[in-house]
Amino acid sequence: QVQLVESGGGLVQAGGSLRLSCAASGRTFSMYAMGWFRQAPGKEREFVAAINWIGGSTHYADSVKGRFTISRVNAKNTLYLQMNSLKPEDTAVYYCAAHRSIVVLTAPYDYDYWGQGTQVTVSS
C-alpha cells in the first residue's frame, strides 16, 4: 500500500504556472506507475497525465499536451506535475494516483491509490 499527499495547488492568473507535488510513503514507490487526474465541479474525473515506474514513458491528455509535464524522482518518493500556460479551463481539484500495472493507464478505475487532492484555480 502507498499513501499519497498532493501539494502545490493555489490561485493563479491565466498564463501563469504552478508545480504540483505528490509525496508518497513506502519504500516501494518505484514499483508504482503514477498518474494525475483532475475533477471540476459537475464534471467527471478526467485523466491528465501518467508516467511509468522509471519515468521513461509518459502520456498526456490532449487538453494539456505541450503545457504540462509529469515527472517523478523515485529517490524522493515524489511525483510532480509542472503546469505552464494555465487556462481557466484547467481549474479543478487535482489528484495523484498510483497503480501496480506495468503499463501506462489513463482510466481512473484502473488506479488503486489516491491522494486527497489539491485545488487549482486559474482566473481569467
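Atom-to-atom distance recorded for Thr121:OG1 and Asp90:CG is 11.0 Å, nearest 0.5 angstrom. Separation of atoms CD (Gln13) and OG (Ser124) is listed at 9.0 Å; rounding is to 0.5 Å. Of the inter-residue distances, the one linking Tyr80 atom OH with Ile51 atom CD1 reads 11.5 Å to the nearest 0.5 angstrom. In this structure, the separation between OG on Ser63 and CZ on Phe68 is 7.5 Å, given to the nearest 0.5 Å. The structure places OG of Ser7 at 8.0 Å from CG of Leu20, a figure rounded to the nearest 0.5 Å. Arg72 contributes atom CZ, which lies 11.0 Å from atom SG of Cys96 (distance to the nearest 0.5 angstrom).
Met83 places none of its side-chain heavy atoms less than 4.5 Å from the side chain of Arg67. The side-chain heavy atoms of Tyr32 and Tyr113, taken from C-beta on, include a pair separated by under 4.5 Å. Residues Thr91 and Arg38 form no side-chain contact, since every pair of their non-hydrogen atoms from C-beta on lies 4.5 Å or further apart. Tyr95 is not listed as a side-chain neighbour of Leu4, based on a closest heavy-atom distance of 4.5 Å or more.
A chain of hydrophobic side-chain contacts below 4.5 Å, direct or via other Ile, Leu, Val, Met, Phe, Trp or Tyr residues, connects Met31 to Trp114. Hydrophobic cluster membership differs between Val104 and Val2, with clusters built from Ile, Leu, Val, Met, Phe, Trp and Tyr side chains linked at under 4.5 angstrom.
Between Ala14 and Pro88, the shortest heavy-atom contact is CB-CD, 4.1 Å. Annotation for Gln119 and Ala92: closest pair NE2-O, 3.4 Å, computed over non-hydrogen atoms.
Glu6 places no side-chain N or O within 3.5 Å of a backbone atom of Cys22 that could act as its donor or acceptor partner. The backbone N or O of Ala33 lies less than 3.5 Å from no partner atom in the side chain of Tyr111, so there is not a single donor-acceptor pair.
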*Could you walk me through whether Asp62 and Lys65 pass the salt bridge (Lys or Arg N to Asp or Glu O under 4.0 Å) check?*
CA-CA 5 Å; Asp62 289 342; Lys65 193 174 300 181; 3.2 Å; yes
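For the pairing with Val64, the side chain to side chain contact (heavy atoms under 4.5 Å, CB included) check across Leu86, Val48, Thr69 returns one residue only, Val48.
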